[in-house]
There are 2 protein chains.
Amino acid sequence: MKISTRGRYGLRAMLDLAVFSRGEHVALNAIAERQNISENYLEQVFSILRKAGLVRSVKGAQGGYTLAMEPAQVTVGMILRALEGELAVVDEENSGEGVESAMLSCLQSNVWDPINASMNQVADSISLQDLVDSFNNINEAPMYYI
Amino acid sequence: MKISTRGRYGLRAMLDLAVFSRGEHVALNAIAERQNISENYLEQVFSILRKAGLVRSVKGAQGGYTLAMEPAQVTVGMILRALEGELAVVDEENSGEGVESAMLSCLQSNVWDPINASMNQVADSISLQDLVDSFNNINEAPMYYI
DNA sequence: AAGTAATCCTATTTATTTAGTATGATTTTA
DNA sequence: TAAAATCATACTAAATAAATAGGATTACTT
């Protein structure tokens with residue numbers, strides 16, 4: 001029922017990147033330090049984000065990561081689905097017969113599908129830019145992304 | 001990210017009870033058999049449901065379980081919260097300071113809270129009676145609850 | 001050209017949670 | 001009194017999650 005640390009760390013790291021990178025590469029150890037996350041573990045998370053096309057990497061000294069798209073183009077849903085797989089509270093396939101199977105289908109279409117749809121809809125309605133704006137507001141420090 | 005078997009089994013068992021009990025006690029082994037669930041495991045699930053006030057039990061031979069309320073009064077949300085705890089994808093408390101903490105609050109209020117709210121809203125909008133109706137429709141066998 | 005700072009890759013370990021099993025006690029009906 | 005059921009709890013096994021570790025590769029800098 002809970003989103004794992006991978007998803008939570010990853011979303012937070014993406015927000016960190018959006019707030020602090022200003023188009024330049026940011027090394028993982030900077031993010032890891034700011035966010036108090038194990039650098040080794042963050043590497044695994046960024047490997048997923050990179051393969052999903054959400055961040056770009058530059059290897060070598062002075063390398064690091066940048067967002068692959070504008071913050072306004074990236075939704076929370078895209079990030080979470082990349083890290084956690086389909087945003088779904090249940091995904092049983094069910095192709096049997098009988099009472100058990102009929103109830104499983106009934107629950108799938110009346111309960112799980114609507115819950116899954118609403119989660120995805122909310123997650124897709126929030127962009128990384130929305131988070132950046134909110135964060136800057138909270139911090140009352142509109143110094144980033146001038 | 002997934003609802004555990006406890007929640008899934010429990011919801012299915014509640015639907016089974018609503019469909020098949022017609023106000024009489026139903027023994028766990030009947031449900032376990034119909035739904036293909038380990039009886040021992042179902043016992044644990046029903047222990048939770050009983051303590052949550054969702055079912056009533058009668059001990060001894062010819063005993064069993066009945067719903068504690070009318071199916072129209074019980075929502076999917078009530079059942080799932082009883083079995084799974086708060087329906088929330090994240091619940092970190094966070095009372096620190098600094099960038100890390102500010103981002104955690106930002107994500108909590110902009111992402112997790114809205115997702116949690118929408119899940120609960122959907123789950124609370126579906127009653128057990130809705131599921132019974134849908135199940136009977138699917139089965140085209142309006143023979144229960146005459 | 002060498003050294004260094006970074007990503008990249010993947011194996012291993014540890015901890016936690018989930019799922020299921022087992023057993024015996026208690027209660028009530030027949 | 002026997003049988004059928006809930007009740008309670010302890011235990012085990014499997015799966016998943018979280019973190020750690022270490023080396024390979026790449027590219028910048030001096």
Pair B:L131, B:V76 - check side-chain contact (heavy atoms from CB on, under 4.5 Å), show working. CA-CA 9 Å; B:L131 298 179; B:V76 168; 3.9 Å; yes
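- Of the residues in residues 82-93 of chain A, none has a non-hydrogen atom less than 4.0 angstrom from any atom of DNA chain C.
- Close to C:dA19, at under 4.0 Å from its OP1 or OP2, lies no side-chain N or O of B:Y9.
- Checking B:Q62 against B:I3, the closest nucleotide of DNA chain C that is more toward the 5' end is the one next to B:I3.
- Proximity of B:N29 to the phosphate of D:dA5: a side-chain N or O atom is located under 4.0 Å from OP1 or OP2.
- Of the residues in residues 35-55 of chain A, A:E43, A:Q44, A:R50 come within less than 4.0 Å of DNA chain C through at least one heavy atom, sorted by number.
- Listed nucleotides C:dT7, C:dA19, D:dA18 differ in distance to A:T5; the shortest reach to its side chain belongs to D:dA18.
- Put simply, CZ on B:R56 is 18 Å from C1' on D:dC7, counting in whole angstrom units.
- Shown are B:V111, B:N116, B:I115; of these, the side chain to side chain contact (heavy atoms under 4.5 Å, CB included) with A:V122 is made only by B:I115.
- At the phosphate of D:dT16, neither OP1 nor OP2 sits under 4.0 Å from any side-chain N or O atom of A:S4.
- Under a hydrophobic-cluster definition in which Ile, Leu, Val, Met, Phe, Trp and Tyr are linked whenever side-chain heavy atoms come within less than 4.5 Å, directly or via other members, A:V58 and A:L42 are assigned to different clusters.
- Using the six-membered ring where Trp is involved, B:F46 and B:Y65 have ring planes that are tilted, between 30° and 60° apart.
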